[in-house]
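Quick caveat, the model's predicted, so the values are computed rather than measured. As a basis for the values below, the full set of heavy atoms in this structure was taken, side chains included, without hydrogen atoms, waters or symmetry mates.
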Amino acid sequence: MSSRDTAPAPPSPTASDDAAPSDPEHAPASSNARARAALAGVLAAALALAVATLLAAVINPSASPLQSIGSAVVDLVPQWLKQGVIALFGTADKAVLFLAMGAVAVVLAALAGLASLRDRRLGTAVVVVLGLITVAAAVTRASGGASAAIPSLVGFGAGVLVLRPLVDAARRAPGAPADDGTSRRSFVTLAVATALGAGVAAAGARLVTAGGQVVTSARAAVRLPRPTAPANPLPEGVSLGIDGVAPFVTPNEDFYRIDTALRVPQVDPADWSLRIHGLVREEITLTWDELLESDLVESWVTLACVSNEVGGGLIGNARWLGLPTAALLERAGVEQGADMVLSSSSDGFTAGTPIDALADPSRGSLLAIGMNGEPLPVEHGFPARLVVPGLYGYVSATKWVVDLEVTRFADATAYWTRRGWSAEGPIKTQSRIDVPLRPVPAGTVTVAGVAWAQTRGVAAVEVQVDDGPWNRARLAEAPNADTWRQWVYAWEGATAGQHRLTVRATDEDGETQTSAQVGVVPDGATGWDTITVEVT
């Protein structure tokens, strides 16, 4: 018998061979392939966001994906969640929002990559849906419009285009040849190229943004005019000189900032104007040059946020320079029946202010352009904002203000009042303990802080130790009734152990702040600030 006759027959197909899928797209993916596909989704999303952000920087900065989605989140989240975030993170709330959005974006992008590994159409659908959501968020903003759709449409289109080849390359086993000659090496090449593209687009967006922000240089060029009526000189004794107590003047860089703007509006004063219209005899448009040439006044005013919890830090005091709003409204001529001014920011935010607070010359409300001797910081409203003594900011302190509509509360609602907050927000009499906040030695202990009752003034502050009697604190001086006052109490004979300290204030109208503990919604918190201190 020849060797040919004895050669073994070729193996017959096994059941497992028959079951092997012929379509590589639907073949079971290895764990490495899934990891690469998830990375592919993240890289495609990074490119999409970077391209969209670059185009938004050129077309409309507020149309960038993160800006649009973030603003929509701010508008839509329930009040309890919004207040919880502010209470927990304070002025870092916007940074927390962006970090949370970034984490969600990474997860969704990775899921889109994994979905593409199973079915290309499924992954593409995920990206398209995310893109459409972003487009909808951009075009429905007050500063949006049809052109706001372009950045997200183009950006997410780029993401769809790169997702498929990235996932195709991710599907192939390391070193395995493909019909087009690609392998794992091609995935690395495509991934690096996509990452570089995203990086270049992101850098371009930063470059365009930096080049387009002439506002910083414009602000630096502003020379504030001398006020016709300077602020009252600060009396001696306005500061008690106690470490740990908030200074009478809050430095601009330390002044709290709570607003709805995720991206600080960049308003060039050369392009700025303020329109005053509605129930007036004469519509007025005030330009920046006209504002600088007006009779400006200075005043010390403490501003407070309605989101400030009892004992919180969302409050600050500054010397403001501006044009009295009473003069503006007198010039326009308010018609009978008007009881509210709806002020609008350049980014679409609105606030409804009782007209009496703006039209009464004795109230001292300002269209402010200066803060503590310098032009308004950009994040605090440059070139112009409203400063209204005695009202929480959500109904009065509009930054980047460009429009004043004289109207009625019955005919118009503002941003926060549409979300369940009170239409009017007078600041409540409040006090806060700043020291001591650490263990202190027995004996005489300094207890000190600040108190405020804008438009009324603080008449007295009292401190209680444990369940003992109320003890009168010593008050610092104040230039007017619109600022806070420092106070101090010498607690003598403090014994070792834990003790409870409580403070309350009484305003010049004779009203003592209530002990009732109420949250910030709908018109500001109430209650006495209480701390526990360890005496050693």
Point-to-point distance, once rounded to the nearest 0.5 Å, from CG of Leu366 to CG of Leu323: 8.0 Å
Row check, Trp470 ring normal vs Arg504 NZ/CZ: under 6.0 Å, within 45°: yes
Short question: side chain of Ser217, backbone of Val214 - any donor-acceptor pair under 3.5 Å? yes
Taking atom types as modelled, find out whether Thr398 and Ser343 have a side-chain donor-acceptor pair closer than 3.5 angstrom. yes
What are the two closest heavy atoms between Asp482 and Thr455, and how far apart are they? OD1-N, 3.1 Å
When you measure from the side chain of Glu282 to the backbone N and O of Ala332, does any donor-acceptor pair fall under 3.5 Å? no
Mark yes when over 12 heavy atoms from residues, nucleotides or ligands other than Arg418 sit less than 6.0 Å from its CZ; otherwise mark no. yes
Let me confirm one number: the CG-CZ distance from Leu342 to Arg408, rounded to the nearest 0.5 Å. 13.5 Å
Here the gap from Leu224 atom CG to Met371 atom CE, rounded to the nearest 0.5 Å, amounts to 13.0 Å
Could you walk me through whether Val341 and Thr407 pass side chain to side chain contact (heavy atoms under 4.5 Å, CB included), step by step? CA-CA 6 Å; Val341 173; Thr407 181; over 6 Å; no
Main chain of Ala270, side chain of Asp268: is a donor-acceptor contact present, judged purely on distance under 3.5 Å? yes
Donor-acceptor contact below 3.5 Å, side chain Gln430 vs main chain Ala451: no
Answer yes or no: is there an ion pair linking Glu335 with Arg281, defined by an N-O contact shorter than 4.0 Å? no
Quick one: does Val73's side chain get under 4.5 Å of Ile69's, heavy atoms only? yes
Do Glu379 side-chain atoms and Arg257 backbone N/O form a donor-acceptor pair below 3.5 Å? no
Thr53 vs Leu66 side-chain heavy atoms within contact, under 4.5 Å: no
So with a 6.0 Å cut-off around CD of Glu253, is the heavy-atom count from everything else above 12? yes
Please check if the distance between the ring centroids of Phe248 and Trp300 is under 6.0 Å. yes
Give me the atom names and distance for the closest heavy-atom approach of Phe156 to Leu49. CZ-CD2, 4.5 Å
When you measure from the side chain of Glu298 to the backbone of Pro230, do you find a donor-acceptor pair of N or O atoms at a distance under 3.5 Å? no
With a 3.5 Å distance limit and no angle check, can you tell me whether Trp320 reaches the backbone of Val301 through a side-chain donor-acceptor pair? yes
Nearest atoms (heavy-atom pairs only) where Val238 meets Glu477: CG2-O, 3.4 Å
Verify, without hydrogens or angle tests, whether Thr413 (side chain) and Phe409 (backbone) share a donor-acceptor contact under 3.5 angstrom. no
Under 3.5 Å, is there a donor-acceptor pair between the side chain of Glu462 and the main chain of Ala460? no
State whether Tyr415 and Arg419 meet the cation-pi test: NZ (Lys) or CZ (Arg) under 6.0 Å from the six-membered ring centroid, and within 45° of the perpendicular axis. yes
Sub-4.5 Å side-chain heavy-atom contact between Tyr256 and Cys305: yes
Is there a side-chain contact between Ile433 and Trp487 (heavy atoms, below 4.5 Å)? yes
Are any of the side-chain nitrogens in Lys428 or Asp523 under 4.0 Å away from the carboxylate oxygens of its partner? yes
Would you kindly say whether Asn317 and Thr250 are connected by a side-chain donor-acceptor distance under 3.5 Å? no
Whether Trp421 and Tyr394 hold their rings parallel, tilted or perpendicular, with breakpoints at 30° and 60°: tilted
Might you point out which heavy atoms bring Ser152 and Thr134 nearest each other, and give the distance in Å? OG-CG2, 3.0 Å
Could you go step by step and tell me if Ser345 and Asp347 meet the side chain to side chain donor-acceptor pair (under 3.5 Å) rule? CA-CA 5 Å; Ser345 168; Asp347 67 346; 2.7 Å; yes
Donor-acceptor pair between Glu511 and Thr429 side chains, under 3.5 angstrom: no
Could you walk me through whether Val463 and Thr502 pass side chain to side chain contact (heavy atoms under 4.5 Å, CB included), step by step? CA-CA 6 Å; Val463 176; Thr502 306; over 6 Å; no
Chi angles and distances behind the side chain to side chain contact (heavy atoms under 4.5 Å, CB included) call for Ser396, Leu386: CA-CA 7 Å; Ser396 67; Leu386 291 179; 6.0 Å; no
Going by an N to O cut-off under 4.0 Å, is there a salt bridge joining Arg219 and Glu374? yes
So, Asp360 and Ser362: side-chain donor and acceptor under 3.5 Å apart, yes or no? yes
Spacing of Arg275 atom CZ and Ile284 atom CD1 [to the nearest 0.5 Å]: 12.0 Å
Flag side-chain contact, heavy atom, 4.5 Å: Leu296 against Thr228: no
Polar side chain donor-acceptor pair, Ser344 to Thr350, under 3.5 angstrom: no
Of all heavy-atom pairs linking Trp484 and Pro247, the shortest is CZ2-O, 3.3 Å
Can you name the nearest heavy-atom pair linking Val306 to Gly524, along with the distance? CG2-N, 3.4 Å
From Leu367 atom CG to Leu286 atom CG, the distance as rounded to the nearest 0.5 Å: 7.0 Å
Taking atom OG of Ser64 and atom CG of Leu262, what is their separation to the nearest 0.5 Å? 9.0 Å
